[in-house]
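Here the structure comes first, spelled out in structure tokens, and everything after it is commentary.
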Protein chains: 2
Amino acid sequence: MNLSETILIIDDEVQIRRLLEITLSSSGYKISEAATGKDGLIAAATHHPALIILDLGLPDSDGIEILKKLREWYQKPIIILSARNSEEDIVHALDNGANDYLTKPFRTGELLARIRVAIRQNLGADDNPILTFGSLSIDLANHTARKNGEILKLTSTEFSLLALLAKNSGRVMTHQNILKEIWGFGYVGQTQYLRVFVAQLRKKIEDDPAKPQLLITESGIGYRFHE
Amino acid sequence: MNLSETILIIDDEVQIRRLLEITLSSSGYKISEAATGKDGLIAAATHHPALIILDLGLPDSDGIEILKKLREWYQKPIIILSARNSEEDIVHALDNGANDYLTKPFRTGELLARIRVAIRQNLGADDNPILTFGSLSIDLANHTARKNGEILKLTSTEFSLLALLAKNSGRVMTHQNILKEIWGFGYVGQTQYLRVFVAQLRKKIEDDPAKPQLLITESGIGYRFHE
DNA sequence: TCTTCCTTTATAAAATCTTTATAACCAAAG
DNA sequence: CTTTGGTTATAAAGATTTTATAAAGGAAGA
């Protein structure tokens with residue numbers, strides 16, 4: 001789902017940045033960091049992160065000012081992470097464009113959940129990768145393949161095989177490799193399986209299965225998907 | 001700014017309701033109240049509030065269940081207001097569709113600011129979404145489905161299943177996913193349930209249940225709703 | 001009580017996977 | 001040019017898994 005979206009951390013405390021870096025990257029996010037408000041603004045403009053975590057207590061500038069500056073052009077979620085706990089600070093930050101406000105010390109699980117909420121609400125930039133090869137398109141997230149716009153009726157194994165080859169298009173995949181990926185270790189050697197499924201797949205995806213243009217045989221080695 | 005939008009308060013403590021009523025109405029919101037989860041669901045369906053404030057510790061039911069039920073059709077913000085302060089509760093609520101989570105005792109100014117954030121983010125969201133698939137239409141807010149204009153008589157489970165699949169139309173949903181969403185975590189594995197309900201649903205929504213056009217079987221994987 | 005809906009069970013039908021058989025292909029050697 | 005050995009393609013039979021459907025039993029509420 002989140003195929004490595006970038007989160008920008010603007011915080012002067014190196015321990016916090018370290019902690020967040022570990023927590024967030026182990027949840028599959030890419031991380032970008034800045035220790036000052038100035039650097040934060042530059043980093044935001046450079047990397048266009050999917051979300052920003054902003055500390056209000058920055059040494060070089062008032063956090064609220066950074067928030068306002070960001071909000072002049074940055075539409076995506078901003079979560080405030082601050083040691084300040086007064087109602088005035090919280091209300092002020094939220095009214096100036098922050099999406100959420102957590103006080104330090106914070107609980108990492110809660111922060112992650114609040115990040116998920118923020119990103120979930122900001123959907124629309126919801127791009128799922130679709131592999132396209134001429135009139136054939138493969139939607140990996142939705143588990144569907146189309147030929148000339150028509151959804152193809154593929155079995156689960158056929159789809160796995162097609163997806164594997166398509167993901168490695170242009171590259172020759174050996175019989176052993178394919179068998180290991182689709183059927184598992186024990187099936188290396190059952191090249192006949194593969195031939196049967198390749199033939200079935202060609203009947204469904206090729207214009208002329210006898211003269212395959214997409215799923216090419218590499219005799220003695222394996223198969224290759226044409227780019 | 002606030003064109004007297006209605007906020008629904010679902011909380012069993014009368015003092016909290018009184019406090020919120022005063023606070024929110026003096027900020028220009030209209031108020032609707034419910035003391036139990038059941039009444040809350042009814043009030044939400046009746047008044048279509050712009051935002052819901054939900055207490056998790058309701059006497060008659062698990063707050064999370066109310067949250068899930070609301071989220072089956074209610075797209076607008078839901079803010080949790082709860083005495084429970086464990087990270088587990090917070091994460092669980094946020095991951096089940098809550099927009100924000102405040103613990104009691106709360107600060108009214110902060111609550112108001114968080115309400116403003118939630119409503120601000122919800123601007124431009126569509127009001128009464130009706131999913132349409134040929135002669136079939138599904139009104140999530142009113143919990144009704146029509147075939148050729150006729151209201152279909154669906155049980156609550158059947159409607160949940162239909163709504164889930166329709167909301168994810170075009171995407172293959174695995175048995176496990178569907179079972180988890182509709183029946184809960186413990187029912188993953190009970191694929192036979194699903195088959196029975198799919199057959200029942202097809203009898204009601206398909207022109208020819210033996211040749212389904214809408215609710216497609218993906219053998220070995222799950223089901224897919226036609227786009 | 002009666003009705004409605006959920007759950008479980010049983011069984012037939014359909015879809016998919018595996019295996020087998022055979023034909024076709026292709027390059028190298030005779 | 002023909003043969004030969006290795007590889008690949010394809011159809012089709014069989015075995016296995018998965019799915020559809022009816023129907024019976026049970027729980028809950030009117």
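Chain naming here is simple, since letters A, B, ... match the order of the sequence lines and numbering starts at 1 in each.
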Original post:
Taking only residues two or more places apart in sequence or in another chain, which ones pass ring pair (Phe, Tyr, Trp, His ring centres under 6.0 Å) with B:Phe133?
Top reply: B:Phe225
Original post:
How close or far is atom P of C:dC17 from atom CD1 of A:Ile182, stated in whole angstroms?
Top reply: 11 Å
Original post:
Is the NE2 atom of A:His226 crowded by more than 12 outside heavy atoms at less than 6.0 Å?
Top reply: no
Original post:
How long is the span from the CG atom in A:Leu154 to the CD1 atom in A:Ile138, to the nearest 0.5 Å?
Top reply: 9.0 Å
**OP:** Can you tell me the distance, in whole Å, between the CD1 atom of A:Ile216 and the C1' atom of C:dC25?
**Re:** 16 Å
Original post:
Between A:Glu110 and B:Glu87, is there a donor-acceptor pair closer than 3.5 Å when you use the side chain of the first and the backbone of the second?
Top reply: no
Original post:
Does B:Leu214 offer a backbone N or O that forms a donor-acceptor pair with the side chain of B:Glu206 under 3.5 Å?
Top reply: yes
**OP:** Indicate yes or no: at least one non-hydrogen side-chain atom of A:Asn99 is less than 4.5 angstrom from one of A:Leu51.
**Re:** no
Subject >> Of all pairs that satisfy side chain to side chain donor-acceptor pair (under 3.5 Å), the ones with a partner from residues 192-205 of chain B, not counting sequence neighbours >> reply: B:Glu158-B:Lys204, B:Gln192-B:Arg195, B:Arg202-B:Thr217
Original post:
Rounded to whole angstroms, how far apart are CD on B:Glu158 and C1' on C:dT7?
Top reply: 14 Å
**OP:** Tell me whether the OP1 or OP2 atom of D:dA20 has a side-chain N or O from B:Tyr223 closer than 4.0 Å.
**Re:** yes
**OP:** Could you say whether B:Lys153 or B:Gly220 is positioned toward the 5' end of DNA chain C, judged by the nucleotide with the nearest heavy atom to each?
**Re:** B:Lys153
Original post:
If you draw a 6.0 Å radius around OH in B:Tyr187, do more than 12 non-hydrogen atoms from other residues or ligands fall strictly inside?
Top reply: no
Original post:
Restricting to pairs with a member in residues 146-177 of chain A, which pass ring pair (Phe, Tyr, Trp, His ring centres under 6.0 Å), not counting sequence neighbours?
Top reply: A:His143-A:Phe159, A:His175-A:Tyr223
Original post:
How would nucleotides 24-30 of chain D be written as a contact map, 5' to 3', with B for base contact, S for sugar-phosphate-only contact and - for no contact, using protein heavy atoms under 4.0 Å?
Top reply: -------
Original post:
Is B:Trp183 near enough to C:dT7 that one of its side-chain N or O atoms lies under 4.0 angstrom from OP1 or OP2?
Top reply: yes
Original post:
Can you check the B:Ile221 CD1 to C:dT16 C1' distance for me, whole Å?
Top reply: 12 Å
Original post:
Which of residues 189-215 of chain B have a heavy atom under 4.0 Å from DNA chain D?
Top reply: B:Gln192, B:Arg195, B:Val196, B:Arg202, B:Lys203
Polar atom pairs (N or O), protein with nucleotides 26-29 of chain C, under 3.5 Å:
none

Original post:
So which one's nearest nucleotide on DNA chain D is more toward 5', A:Ser219 or B:Thr217?
Top reply: A:Ser219
Subject >> Protein-nucleotide distance (B:Leu161, atom CG; C:dT7, atom C1'), rounded to Å >> reply: 16 Å
Original post:
Any sub-3.5 Å donor-acceptor pair from B:Arg114's side-chain atoms to A:Leu94's backbone N or O?
Top reply: no
Subject >> B:His92 (side chain) donor-acceptor with B:Glu88 (main chain) under 3.5 angstrom >> reply: no
